[in-house]
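All values below come from the heavy atoms of this structure, side chains included, with hydrogens, waters and symmetry mates left out. Counting convention: from 1, in listed order, for ligands and their atoms alike.
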Amino acid sequence: MPSSSARFAQLPEYVLARIPAKKRELLMRGVDVIDLGAGDADLSPPPAALARLAEASREPALQRYGFGLGYVPYREAVSAWMQQRFHLRFDPLTEVVPLIGSKEGISHLAFAYLEEGSVGIVPEPGYNSYQGGTLLAGGEAYRYALRPRTDFLVDLDEIPADVRRRARILYLNYPNNPTAAVAPRGYLESVVRRCRELDILLVYDNAYSELAFDGYVPPSIFEIDGARDVAIEFHSLSKTYNMTGWRCGWAVARPDIAGALAKVKSFVDTGQFMAVQAAGAAAIESYASFVPANVAVFRERRDAAVAAFREAGFACETPKATMYLWIPLPEGLPSADFAERLMDDEGVVVLPGSGFGAGGEGFFRISFIAPPDRIREAARRAGRVLAGLAPAVASGRGS
Ligand SMILES: Cc1ncc(COP(=O)(O)O)c(C=O)c1O
């Protein structure tokens, strides 16, 4: 039996790995399952994207390899949108990298910047491609715990000096999955300044830039002076347009950084199906008619979730952005135990904070991927489990 590599052996279990089988088992037993686990909305993509895919999938020129260049109007749509949304200019040919989902680009980027002895600073809890890319590229993952103490922000000055010296990449994601935290502009300014001083590539994952509420408008990292020297930013069609399965995203950066990612990709893929990129361009171009109404659906779900989980005995804050609630548990109640009981006894799927790494312990995450009534019902069931597992806490809050 061939043995696996040491790099491979370092990969932890994926947080969502065991859920589908368990959910199927519950459904087969006739349980009324409410799945609030993955960040994968139950809503439809823009009609313009569906129509364009149907048409583009028959165009002979789009059946061939896309290679790195791909479908040029997709690059142009990205560039025009970045200009309109953030007032930033990125050259479509040299500063935009089309991706087969942003996860693909985030993890592949590490191969251009990390090697043995170098460090990727990985916020924990956090999206798994940060540590996945770092470990598979042979780098060392330095896990920084995102806790309420720092408003879920990474403070580079808390990281030991020898780690900082070896750090080549800092992964940041605001609005944040799973904590739903957002980053104040002053914080982003200081982080860009520190990355310039320390020569660290700032990988800014902006997958939730458009899912924001109550007038909050998430920035691009490139709105910060000096960011072009040190940053690359990732965007995704997945959450903004309910297109998770389409695998469509992009990165923007100055030409040498964008070029490094494109070069790695030229050795591992041969481009996205160009009909999907054509549909992606149509989605981006339908932003004004699609996105505000879609965000309103998520806002209604967020409001329902916050009210219902509070009523059920949980102390949750109202998030300004993302499709998540990051809900604290009473001290001493392991999140994995809570999530398991909630699934087994009540048929509700949530993600335990510890599934995102030790830094996520003490919390669980729900996603707004079901209508408000189902979220309310899930909250009632979660309240019952909480009351069973932590009677003192629940009765204190419930009265
Ligand atoms: C923070 C974050 N970044 C990136 C992604 C990946 O998105 P994509 O579907 O574009 O690969 C996700 C998906 O859940 C995410 O939560």
Worksheet, complete the sentence: The closest protein heavy-atom partner of atom 2 (C) of ligand 1 is Asp205 OD2, 3.3 Å
Fill in: Pair Tyr287, Glu210: side-chain N/O donor-acceptor within cut-off below 3.5 Å
yes
Response to the item:
Looking only at non-hydrogen atoms, the one of Met243, Glu104, Arg247, Lys239 nearest atom 11 (O) of ligand 1 is Arg247
Worksheet item: Counting each atom of ligand 1 from 1 as listed, which ones have a heavy atom of Asn177 under 4.0 Å away?
Response: 1 (C), 15 (C), 16 (O)
Worksheet item: Does Glu285 pair with Arg52 as a salt bridge, N-O distance under 4.0 Å?
Response: no
Worksheet, complete the sentence: In ligand 1, the atoms that come under 4.0 Å of a heavy atom of Asn173 are 1 (C)
Worksheet item: Any side-chain heavy-atom pair from Val203 and Phe234 closer than 4.5 angstrom?
Response: yes
Worksheet item: Polar-atom distance check: Tyr130 versus ligand 1, any N or O pair below 3.5 Å?
Response: no
Fill in: atom 7 (O) of ligand 1: the protein heavy-atom neighbour that sits closest, reported with distance to 0.1 Å
Ser102 OG, 3.3 Å
Worksheet item: Are Arg194 and Glu197 within salt-bridge range, i.e. N to O under 4.0 Å?
Response: yes
Discussion item. Salt bridge or not between Arg376 and Asp373? Use side-chain N to carboxylate O under 4.0 Å.
Written reply: yes
Fill in: Atoms of ligand 1, numbered as shown, that sit under 4.0 Å from any heavy atom of Gly101
10 (O), 11 (O)
Response to the item:
For Ser238, the atoms of ligand 1 under 4.0 Å from one of its heavy atoms are 8 (P), 9 (O), 10 (O)
Worksheet item: Is the NZ or CZ atom of Arg228 both under 6.0 Å from the centre of the six-membered ring of Phe90 and within 45° of that ring's axis?
Response: yes
Worksheet entry | ligand 1 to Tyr324 polar contact by distance, N or O atoms, under 3.5 Å | no
Discussion item. List ligand 1 atoms under 4.0 Å from Tyr208, heavy atoms only on the residue side.
Written reply: 1 (C), 2 (C), 14 (O), 15 (C), 16 (O)
Worksheet entry | Ion pair Arg166/Glu140, N-O distance below 4.0 Å | yes
Worksheet, complete the sentence: Logged contact type for Ala207 with ligand 1, heavy-atom cut-off 4.0 Å, is side chain
Discussion item. When you compare the side chains of Tyr171 and Tyr127, does any donor N or O come within less than 3.5 Å of an acceptor on the partner?
Written reply: no
